[in-house]
Amino acid sequence: MSSTPARQFALQGAAVILVLSLAWPYYGWTAEAMPWRQTSLLIGAVALALATISRQPWWWRLIHALFMPAVWTTYTLAIPPGWFLLGFVLLLLVYRGALSGQVPLYLSNRETVAALDELIGKEECERIVDLGAGVGSTMIPLADRWPDKHFTGAENAPLTWLAGLVLGVGRPNLHWRWEDLWQMPLADYDLVYAFLSPVPMPKLWEKARAEMRPGSLFVSNSFPVPGIAPDFVIDVACTPPRPLYCYRI
Ligand SMILES: C[S@@+](CC[C@H](N)C(=O)[O-])C[C@H]1O[C@@H](n2cnc3c(N)ncnc32)[C@H](O)[C@@H]1O
């Protein structure tokens, strides 16, 4: 099984099936009520064992151990179902990218913004775009720092885009677009910045190579393009490390 979410789903599912296929007949046979609290704890323990045997990272093991007990605890709280729907909709409005392209929201830090600031000065870039621009924590400070340069942020999660729109208001050199990054034409930009995830990098590199002008710069925060050596790497001084992989087109 190739994808991590599918593998984890299968592990948790196996634990549920294993425990229930023994517990249900047993309690049916003895005509006793199923003890759901203990059952959920047992499913957690079996899921933890399966995750450990199959050498999943520690955070997945923790998630497997706690998932079913958390489901049971939440059930006992008898929360009206509308709240779950509201929570789901809010998460979707912010984390749309995680669902559609395995790119969640997390923000570039100040050190990265400072490194980009220096790079923009060195490269004498005029037009800069952030593909998957989040709430604007990269483009907004850079737009303030360079009032004569043009900055574009493309973001497709509605609530995240709205937050960026509000935070970036009053900056004529900032173009804040509700746009799918795959639909963004890249030919106009001197520097294309992306902070996404390992998943889209091969496809994004193909897009960059096909559309960006010769001499322009593609910069990926943290996630290199597999199989392609960057022209240079900027080691941003921060923890955890967030190198900027820079590819000259
Ligand atoms: C890791 S965050 C980076 C945010 C920002 N670039 C920064 O450096 O602070 C990635 C962002 O990409 C957005 N995203 C994911 N897929 C996208 C797509 N297809 N089109 C536009 N934005 C997308 C997510 O919603 C998320 O806000």
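- Looking at every heavy atom in both residues, Ala115 comes nearest to Val236 through CB-CG2, 3.9 Å.
- Contact record, Leu165 with Trp176: N-NE1, 3.1 Å, taken as the closest heavy-atom pair.
- Remark: aromatic rings of Tyr75 and Trp36 are distant, center separation not under 6.0 Å.
- Taking CD1 of Ile128 as the reference point, atom CD1 of Ile120 lies at 4.0 Å (rounded to 0.5 Å).
- Under the 4.5 Å side-chain criterion, counting only non-hydrogen atoms from C-beta, Ile234 is in contact with Cys246.
- The side chain to side chain donor-acceptor pair (under 3.5 Å) analysis of residues 40-57, with sequence neighbours excluded, yields the pairs Gln8-Gln56, Ser54-Gln56.
- Qualifying side-chain contact (heavy atoms from CB on, under 4.5 Å) partners for Ala65, counting only residues two or more places apart in sequence or in other chains: Leu48.
- Hydrophobic cluster membership is shared by Leu107 and Leu91, with clusters built from Ile, Leu, Val, Met, Phe, Trp and Tyr side chains linked at under 4.5 angstrom.
- Placement of Leu42 and Val71 within a single hydrophobic cluster is found when ILVMFWY residues are connected by side-chain heavy-atom separations under 4.5 Å, directly or transitively.
- By the 4.5 Å heavy-atom criterion applied to side chains, Leu131 and Leu186 are counted as neighbours.
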Exercise. For Thr152 and Asp188, what are the C-alpha separation, side-chain angles and deciding distance, and is it a side-chain contact (heavy atoms from CB on, under 4.5 Å)?
Worked result: CA-CA 11 Å; Thr152 302; Asp188 277 352; over 6 Å; no
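- Side-chain contact check for Met68 versus Thr39: every heavy-atom pair is 4.5 Å or farther apart.
- Arg145 pairs by the side-chain contact (heavy atoms from CB on, under 4.5 Å) definition with Asp117, not counting sequence neighbours.
- Qualifying salt bridge (charged side-chain N to carboxylate O under 4.0 Å, His left out) partners for Arg171, counting only residues two or more places apart in sequence or in other chains: Asp144.
- For Glu111, the salt bridge (charged side-chain N to carboxylate O under 4.0 Å, His left out) test picks out no residue, with sequence neighbours left out.
- When side chains are defined from C-beta on, Asp190 does not count as touching Glu123, because their heavy atoms never get closer than 4.5 Å.
- In this structure, the side chains of Pro226 and Met201 come closer than 4.5 Å at one or more pairs of heavy atoms.
- When every heavy atom of Leu50 is checked against every heavy atom of Ala14, the shortest pair comes out as CD1-CB, 3.9 Å.
- In terms of modelled atom types and a separation under 3.5 Å, the side chain of Lys207 and the main chain of Trp182 share a donor-acceptor contact.
- Closest heavy-atom contact between Gly215 and Arg248: O-NH1, 3.2 Å.
- The main-chain N or O of Gly153 is never found under 3.5 Å from a side-chain atom of Asp130 such that the two would form a donor-acceptor pair.
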Exercise. What's the verdict on side-chain contact (heavy atoms from CB on, under 4.5 Å) for Phe223 and Leu204, showing C-alpha distance, side-chain angles and the deciding distance?
Worked result: CA-CA 11 Å; Phe223 308 111; Leu204 188 58; over 6 Å; no
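- Each of Leu11 and Ile53 belongs to its own hydrophobic cluster when Ile, Leu, Val, Met, Phe, Trp and Tyr are linked at side-chain heavy-atom distances under 4.5 angstrom.
- More than 12 heavy atoms of other shown residues, nucleotides or ligands fall within 6.0 angstrom of atom CD in Glu32.
- Every side-chain contact (heavy atoms from CB on, under 4.5 Å) that Thr160 has, sequence neighbours left out, goes to Val94, Leu105, Val135, Glu155, Ala157.
- Nearest heavy-atom pair across Ala187 and Arg213 is O-NE, 2.9 Å.
- With sequence neighbours left out, the ring pair (Phe, Tyr, Trp, His ring centres under 6.0 Å) criterion links Phe195 to Tyr106.
- Other residues, nucleotides and ligands contribute over 12 non-hydrogen atoms within 6.0 Å of the CD atom of Gln38.
- Residues Phe232 and Leu119 meet the side-chain proximity criterion, which asks for heavy atoms closer than 4.5 Å.
- Among Tyr245, Tyr189, Trp205, the one residue that satisfies the side chain to side chain contact (heavy atoms under 4.5 Å, CB included) test with Phe218 is Trp205.
- Judged as a ring pair (Phe, Tyr, Trp, His ring centres under 6.0 Å), and not counting sequence neighbours, Trp24 has no contacts.
- Heavy-atom neighbours of Phe67 CZ from other residues, nucleotides or ligands within 6.0 Å: at or below the threshold of 12.
- Scored by the salt bridge (charged side-chain N to carboxylate O under 4.0 Å, His left out) test, Arg127 finds no partners at all (sequence neighbours excluded).
- Judged as a side chain to side chain donor-acceptor pair (under 3.5 Å), the pairs with a partner in residues 221-234 (not counting sequence neighbours) are, in order, Tyr193-Asn221, Ser222-Arg242.
- Heavy atoms only, all atoms of each residue included: Asp235 and Pro243 are closest at OD1-CB, 4.2 Å.
- Under the 4.5 Å side-chain heavy-atom criterion for ILVMFWY residues, no single connected hydrophobic cluster contains both Val166 and Leu159.
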Exercise. Hey, mind stepping through Glu206 and Arg209 against salt bridge (charged side-chain N to carboxylate O under 4.0 Å, His left out) and telling me if it holds?
Worked result: CA-CA 5 Å; Glu206 285 313 309; Arg209 261 187 0 149; 3.4 Å; yes
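- Residues meeting the side-chain contact (heavy atoms from CB on, under 4.5 Å) test with Ala154, sequence neighbours left out: Glu179, Met184.
- In the hydrophobic clustering, Leu66 connects to Trp58, Trp59, Trp60, Leu62, Ile63, either directly or through intervening members, whenever side-chain heavy atoms lie under 4.5 Å apart.
- By the criterion of side-chain heavy atoms lying less than 4.5 angstrom apart, applied directly or through intervening Ile, Leu, Val, Met, Phe, Trp or Tyr residues, Ile17 is not grouped with Leu22; the two fall into different hydrophobic clusters.
- Among Asn173, Val113, Leu174, the single residue meeting the side chain to side chain contact (heavy atoms under 4.5 Å, CB included) criterion with Leu142 is Val113.
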